[in-house]
Amino acid sequence: QTTCAQSSVTFYGRIDTAIRYSTNQNIAGDKLLELTSGGASGSRWGVKGSEDLGGGMKAVFTLENGFEPDTGKAAQSGRLFGRQAWVGLSGKLGTLTVGRHYSPVYNVEFANEPFGWANVYESGFIYDNYTGGNRWDNSLFYQYKVGPVSGSLMYGFGEQAGSNRNGNKLGGSLAYEFGQAAVSAAYQQTHDAQGVADHKVWTAGGYYPIGALKLFLSYLNHRSDLTPQKNDVWATGASYAMTPAVELYGGFYYDRQREQDGNKRTVVGMFNYKLSKRTNVYLQADYSKVDAGYASNVFDVYAFPTTKDASGAVTDFIKSRASVMAGVRHQF
Amino acid sequence: QTTCAQSSVTFYGRIDTAIRYSTNQNIAGDKLLELTSGGASGSRWGVKGSEDLGGGMKAVFTLENGFEPDTGKAAQSGRLFGRQAWVGLSGKLGTLTVGRHYSPVYNVEFANEPFGWANVYESGFIYDNYTGGNRWDNSLFYQYKVGPVSGSLMYGFGEQAGSNRNGNKLGGSLAYEFGQAAVSAAYQQTHDAQGVADHKVWTAGGYYPIGALKLFLSYLNHRSDLTPQKNDVWATGASYAMTPAVELYGGFYYDRQREQDGNKRTVVGMFNYKLSKRTNVYLQADYSKVDAGYASNVFDVYAFPTTKDASGAVTDFIKSRASVMAGVRHQF
Amino acid sequence: QTTCAQSSVTFYGRIDTAIRYSTNQNIAGDKLLELTSGGASGSRWGVKGSEDLGGGMKAVFTLENGFEPDTGKAAQSGRLFGRQAWVGLSGKLGTLTVGRHYSPVYNVEFANEPFGWANVYESGFIYDNYTGGNRWDNSLFYQYKVGPVSGSLMYGFGEQAGSNRNGNKLGGSLAYEFGQAAVSAAYQQTHDAQGVADHKVWTAGGYYPIGALKLFLSYLNHRSDLTPQKNDVWATGASYAMTPAVELYGGFYYDRQREQDGNKRTVVGMFNYKLSKRTNVYLQADYSKVDAGYASNVFDVYAFPTTKDASGAVTDFIKSRASVMAGVRHQF
């Protein structure tokens with residue numbers, strides 16, 4: 001039996017893999033069959049703990065690794081604890097932690113989408129473009145909750161000699177719970193190495209359960225001082241617990257782009273079957289469509305393939321992609 | 001005490017280091033003294049678990065890291081779970097897992113050799129040349145067992161858009177147990193990125209215990225569409241449990257090469273002393289010899305040093321190597 | 001509950017992060033505000049164990065990872081077990097372990113300094129320059145203790161074919177305990193890849209408790225066959241347990257350089273508040289000052305910024321740095 005130097009440490013993990021078939025993987029329109037990681041949620045293992053310090057105060061920490069179960073490699077560019085790594089204190093005045101955290105906008109979006117900052121392909125990563133990274137290194141995170149209201153503030157150090165502005169990140173969130181429902185909003189602004197605000201993002205949304213049905217609505221607004229391009233991203237959908245074992249999910253995502261007019265639309269559906277509390281199998285299908293303006297979206301890190309001329313202008317682009325996935329997820 | 005979010009997770013590991021002295025490490029014939037990893041078996045730690053899902057079904061997983069105890073670095077090119085990473089379901093219809101697995105030929109060879117796909121130097125890696133990697137990323141592995149007969153099928157996705165053939169891997173195995181003895185065979189074929197069958201390998205063999213003695217015999221056949229070169233590799237040997245604490249191992253390996261005629265012969269002996277079930281110390285010695293034809297073996301990833309002329313033809317080569325090793329292995 | 005294949009394995013860790021403000025980070029004298037790792041001690045997690053083999057003998061091992069809690073990355077250049085990785089046997093004749101160990105000089109210095117081979121910035125790393133690495137890969141470590149006297153020998157293989165001298169490392173230590181006090185000394189010599197003795201270091205020192213006060217004194221002597229430069233490093237200081245919860249630390253470090261005459265002086269103070277046995281918060285301040293000769297210290301891996309002319313001669317240099325830090329440390 002493994003013993004710990006001290007008590008109250010929890011070891012946990014999640015392994016999620018899926019076979020995925022998708023279209024239009026290159027400009028010739030070729031299809032791809034692959035084993036992929038994290039169709040329903042990212043694979044991970046971690047250690048977390050809390051220690052009672054008396055007087056209502058406790059020490060808390062989480063160290064969480066992400067990995068690719070199809071190759072055994074560490075995810076998040078090979079980081080050991082690339083998902084989360086923080087330590088701090090929690091008490092009557094709130095919780096203050098330091099380290100690598102999810103950003104405020106991520107935390108709010110995660111709650112207000114049917115797919116939880118969707119770990120689905122063309123559908124989910126629609127948001128990833130606009131945050132300058134879902135996780136902030138070198139950050140301070142303060143959380144406070146009073147009754148149904150909770151708020152947070154986060155600051156990420158830019159760590160540049162001579163400037164506290166260059167590379168820094170700042171954000172916050174506010175949430176209100178009523179019963180099993182909640183509304184929440186967040187704002188965050190990040191600066192690049194030269195101090196320009198490369199991402200100014202705010203989001204607002206909520207979820208509302210009606211019996212076995214749960215409805216989701218989310219809006220995200222992205223501006224950047226690097227470009228006049230503006231993006232408004234809507235997400236809506238629902239989950240439905242048909243039986244204790246069977247869950248259905250559906251979502252629609254719409255990224256409307258201005259100044260470089262364009263849009264991306266994604267629909268996604270998922271059938272989830274729980275073999276147990278810890279193990280489930282799932283089927284997922286999604287379809288996405290972009291127009292010519294969106295093919296020039298400078299923030300689209302998961303962009304569909306394009307061809308460009310010598311000046312960098314898009315001359316041809318993939319207009320849509322469909323994918324189906326069958327996966328298994330196990331938690332421990 | 002470490003607690004797990006759920007039960008039935010096992011944390012395990014093995015640390016194996018040895019001092020090794022070997023000859024002919026470069027074309028000048030220099031000797032090398034080193035601290036090395038895995039004289040008897042690769043160092044590792046892992047997490048594995050199974051969850052009963054009812055109805056004879058269970059969820060199973062293994063995440064296994066390999067590391068170098070002499071430097072503390074992750075092995076398998078720095079992968080976090082480079083040895084094994086898979087998850088799946090097991091039931092009456094068999095076991096289906098997805099992720100990174102040992103290949104079918106590896107699994108059979110491992111059983112039929114006295115040194116278990118020998119973790120010995122010039123002797124063991126004789127096989128490594130012919131499989132295109134002992135482990136397959138992005139693979140599906142199906143196993144079924146009925147009475148004394150067990151079989152497996154494995155498919156590794158090539159993950160190339162527009163072609164399911166390029167880079168893919170396919171194999172299977174069959175085994176028959178009678179008492180403590182068994183015979184088994186496996187075939188596998190891998191394709192390179194252009195879709196050429198770079199490795200076509202089959203193996204057959206078995207082991208047979210006679211009291212404290214255990215005899216091993218194994219044959220491996222390698223062909224490749226990349227070259228006319230053909231290799232037939234024989235391995236035979238025995239282990240002998242002299243006392244509950246003392247084990248002796250001996251093995252002979254013969255790689256006969258055609259079309260580029262040549263051969264490699266290796267003999268290896270090992271004395272193992274068990275200090276406990278979990279801890280042992282060992283002495284090992286091996287001697288290998290190659291001829292001129294083998295020095296041009298294009299698949300020999302552990303080739304002895306050679307000199308080549310401008311056309312790439314071998315002009316001089318190391319003809320033999322001897323090594324002795326003293327090591328310690330601890331399991332937890 | 002996590003179970004181990006065998007008993008007697010301990011999982012442990014430490015997370016230490018601090019906000020640090022420091023001056024003169026570049027030749028323009030810019031200040032830096034950052035979240036940093038390991039203000040009081042390096043962040044780590046590890047697995048260690050011992051197995052009773054009977055007859056007074058046991059098997060022992062430690063695998064210890066270092067990581068950066070501000071980014072989640074593995075420390076020690078991304079090694080998995082970069083802090084320690086060793087396995088061995090312990091009995092009446094002493095303890096012999098193989099793998100990656102702290103060097104003999106490190107072990108002695110660690111005991112004789114108020115900040116424990118100080119994990120403080122400009123103050124602590126004054127030593128790091130002179131050892132060719134605090135940890136030795138590929139090393140054999142022998143320890144023996146009889147009554148109050150303990151000694152150790154360490155040998156690190158150079159692992160170069162044709163030469164056991166090139167790259168090798170050799171050292172040893174001796175310590176004498178009397179009550180809660182101790183004196184100790186160590187010597188070590190390392191060779192570079194060409195066999196030149198790049199670091200010849202010896203150290204001697206001790207600590208002496210007087211009630212709640214503990215006094216420290218340490219001297220380190222560094223010579224190298226690569227350069228006529230010689231360094232004599234003195235460290236002294238004290239810790240004071242003011243109350244069970246409050247600890248004060250103070251230290252003074254003086255690196256006197258000859259042949260390339262120069263010096264570096266550092267003072268450091270720390271206020272530590274224990275929230276529990278496992279969790280503490282701390283404040284730390286340090287100030288360092290170098291002169292022109294020291295700015296050319298070829299071994300100073302943590303050198304202050306300089307400007308150099310075409311010939312490589314220093315034309316301008318940062319003369320001092322001050323820093324303050326506030327941190328939290330949690331152990332499990």
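In what follows, chains carry the letters A, B, and so on, assigned in the order in which the sequence lines appear, proteins first and then strands, with residues in each chain numbered from 1. No hydrogens, no waters, no symmetry mates; every other heavy atom, side chains included, goes into these values.
Counting heavy-atom pairs closer than 4.5 Å to chain A, the top-ranked of the candidates B:Ser77, B:Gly88, B:Gly99 is B:Gly99. Ranked by heavy-atom pairs under 4.5 Å with chain B, the first of A:Asn65, A:Asp30, A:Leu35 is A:Leu35. In terms of heavy-atom pairs under 4.5 Å with chain A, the best-connected choice from B:Leu140, B:Asn138, B:Asn164, B:Val87 is B:Asn138.
Under the 3.5 Å distance criterion, with hydrogens and angles disregarded, no donor-acceptor pair is assigned to the side chains of A:Asp286 and A:Thr266.
Counting all heavy atoms, side chain and backbone alike, A:Pro305 lies closest to A:Arg321 at CD-NH2, 3.6 Å.
For chain B, no part of A:Asn24 is nearby; none of its heavy atoms comes within less than 4.5 Å. Looking at B:Gln84, neither its backbone nor its side chain comes within 4.5 Å of chain A, counting heavy atoms on both sides. In this structure, the portions of B:Phe81 lying under 4.5 Å from any heavy atom of chain A include both its backbone and its side chain. Contacts between A:Val47 and chain B at a heavy-atom distance below 4.5 Å are absent for every atom of the residue.
Using cut-offs of 30° and 60° for the angle between ring planes, the B:Phe11 and B:Trp45 rings count as tilted.
With B:Phe67 as the aromatic partner, B:Lys73 does not meet the cation-pi criteria of under 6.0 angstrom to the ring centre and within 45 degrees of the ring axis. With A:Phe317 as the aromatic partner, A:Lys319 meets the cation-pi criteria of under 6.0 angstrom to the ring centre and within 45 degrees of the ring axis.
Between the B:Asp16 side chain and the B:Arg329 main chain, no donor and acceptor come within less than 3.5 Å of each other.
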